[in-house]
S.K.: 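Have a look at this one.
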Amino acid sequence: MQVNAKRLGSKPFDPHYDPLTDRTLGPGSDYAPTYWIGTAGETPEDDGPVISDMDVDAVVIGSGYTGLSTAIHLAKMHGIKATVLEANGVAYGCSTRNGGQAQISAGRLKRSQWIERWDLPTARALHDEMVEAFDLFRGLVRDHAIACEPQDGGHYYIAHKASAMPSLEAETRLLNDKFGYGARMLTREELHETVARDMEAHGAMWEPDGTGIHAAKLAFGYLRVARELGAKVHTDSPVQSWEYKDGVHYLKTLRGTVRTKRVAVATAAYAPRGLHPRVKDRLLPIMSNSVVTRVLTEDELQSVGIRKLSPLTDTRTLRNYYRLLPDNRLQIGSRAAITGRDASNPAHLKGLCDAVARKFPALAGVELDYSWWGWVDVSHDMMPRITGMPDLPGAYYSLGYGGNGVMYSAMAGRRMAQLVAGEPIPDLPIYGNELKHEGWKTPFRRLGQWGLYQLYHYRDERK
């Protein structure tokens, strides 16, 4: 495995950190040893730690995609220069540990499930929001010359067994008939000839919107843009306590208290449980693992037959997401451990290696250059929320993307910036209401997760 040489902090990266059991994450930690960090080049400058008390216009907690997008849009649309507080290095969490896949979605539910949960007009309005979000995402990358290696070409949702084909065909019809969205089906032969020679595949649904990006270069590009627009980004400045008194939020960091009337929380799965009662236990952090192979040989590339660099996802509930990277390495990821203590269990790495071998037999046993894992912010009802916090004036959060935040975080940041600035946002189910709380079930969530994983694995692998 290659070792990350960037951000040699005061303490090594902790691979077993668990947001549900560890009190705090930082500061001073090295980055996770991801492919993205290992190949991103130099990190743009930030503003260093908070070193004294200060009064600011608005605070954003978290410097990942959502937090930086919030800072960008506060400056561009509202003339507000935000102060971003980050516990470790910029984009330390999800934003530099994901698979680099941008899809036209937010949360875990499909369009058909949107209709079941709400109704067709609401689902159409949500779909329109996703389309606008993808345009916004592409525009940020293009207009600010963010060199994140975008690989546009749509998203391929690949049936990993024959019984998955009927539901893909039904979803394709629904996307076309109810949403006017040009999805289409590919046979196994078409997929092998034009996209990838995935030997598990029985066919696929293609969605027009899907882009592969370099995850860290996107985050560091957002950092550069935010600071050019006047935002301050303070690293190694975890919020240790949060008090609200007489219309002012007091955010205590290691070496200074930041006072403000407006706070936006964008911590994803990495928020400490003690950050504030309004966000405590409203997410279930789920671990996702990724590996990246060595550079493939010409013979291996011919055998794998990947002709598109855009995102590929299979139909498992515990899905594999994968793609060929621009430097001819294969990246693949999936869900893995349930607890931080179990994160380094070799069985999880073996699971990904087995997936590579099933899909691309010529790569059985291929050497890996990178292996990492990170926490994903999954909401209890599988959809995100961008909303204010009841009884806490001037405080907002954007959380719960469930692993589909690479693209949507750009729009989420824009919508949260509108809330911070006192402007209305669209009347949609993911805006204006809190994330669901599990109440008495909260202590038992991981036991339930374990049971569901057993069920999902059985269903996924049953022929």
S.K.: For H127, enumerate each residue passing the ring pair (Phe, Tyr, Trp, His ring centres under 6.0 Å) test, keeping only those at least two apart in sequence or located in another chain.
M.R.: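 Listed in chain order: F179, Y181.
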
S.K.: For Q151 and S310, does a side-chain donor sit closer than 3.5 Å to a side-chain acceptor?
M.R.: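 Not at all, the side chains of Q151 and S310 share no donor-acceptor pair under 3.5 Å.
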
S.K.: Check whether NZ of the Lys or CZ of the Arg R323 lies under 6.0 Å from the centre of the six-membered ring of Y156 and within 45 degrees of that ring's axis.
M.R.: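 No, R323 and Y156 do not form such a contact.
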
S.K.: Would D342 and H348 count as having a side-chain donor-acceptor pair, cut-off 3.5 Å?
M.R.: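 Yes, a side-chain donor-acceptor pair sits under 3.5 Å.
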
S.K.: Testing the 3.5 Å rule here: is there a donor-acceptor pair between the side chains of S288 and Y321?
M.R.: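 Checked: S288/Y321 side chains pair up, N/O donor to acceptor below 3.5 Å.
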
S.K.: Between R227 and D46, does any side-chain N to carboxylate O distance fall below 4.0 Å?
M.R.: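 No, R227 and D46 are not salt-bridged.
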
S.K.: List the residues meeting side-chain contact (heavy atoms from CB on, under 4.5 Å) with P277, not counting sequence neighbours, and say none if there are none.
M.R.: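 Partners of P277 under the side-chain contact (heavy atoms from CB on, under 4.5 Å) test: none.
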
S.K.: Please confirm whether the backbone N or O of A123 pairs with a side-chain atom of W118, one donor and one acceptor, at under 3.5 Å?
M.R.: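 Here the side-chain-to-backbone pair does not exist.
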
S.K.: Looking just at side-chain N and O atoms, do D327 and Y35 make a donor-acceptor pair shorter than 3.5 Å?
M.R.: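 Y35 and D327 do have a side-chain donor-acceptor pair below 3.5 Å.
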
S.K.: Give me each pair satisfying salt bridge (Lys or Arg N to Asp or Glu O under 4.0 Å) with a member in residues 420-442, each pair once, sequence neighbours excluded.
M.R.: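 Every salt bridge (Lys or Arg N to Asp or Glu O under 4.0 Å) pair that includes a residue of residues 420-442, provided the two are not neighbours, is R278-E434, R282-E434, K436-E438.
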
S.K.: Apply side-chain contact (heavy atoms from CB on, under 4.5 Å) to Q113 and list each qualifying residue two or more places apart in sequence or on a separate chain.
M.R.: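 Q113 satisfies side-chain contact (heavy atoms from CB on, under 4.5 Å) with L109, K110, E116 only.
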
S.K.: Main chain of A219, side chain of S95: is a donor-acceptor contact present, judged purely on distance under 3.5 Å?
M.R.: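 No, S95 side chain to A219 backbone: no donor-acceptor pair under 3.5 Å.
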
S.K.: Scan side-chain atoms only and decide if D281 and T442 contain a donor-acceptor pair under the 3.5 Å cut-off.
M.R.: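 No pair is found: no donor N or O on one side chain lies under 3.5 Å from an acceptor on the other.
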
S.K.: Could you point out which residue of K261, R262, R259 forms a salt bridge (charged side-chain N to carboxylate O under 4.0 Å, His left out) with D55?
M.R.: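 Only one of K261, R262, R259 forms a salt bridge (charged side-chain N to carboxylate O under 4.0 Å, His left out) with D55, namely R259.
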
S.K.: Would you please name every residue forming a side-chain contact (heavy atoms from CB on, under 4.5 Å) with I425, sequence neighbours left out?
M.R.: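 R415, Q418, L419, Y431.
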
S.K.: Taking ring pair (Phe, Tyr, Trp, His ring centres under 6.0 Å) as the test, write out the residues that go with H249, two or more places apart.
M.R.: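 Once residues adjacent in sequence are excluded, the partners of H249 under the ring pair (Phe, Tyr, Trp, His ring centres under 6.0 Å) criterion are W242, Y244.
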
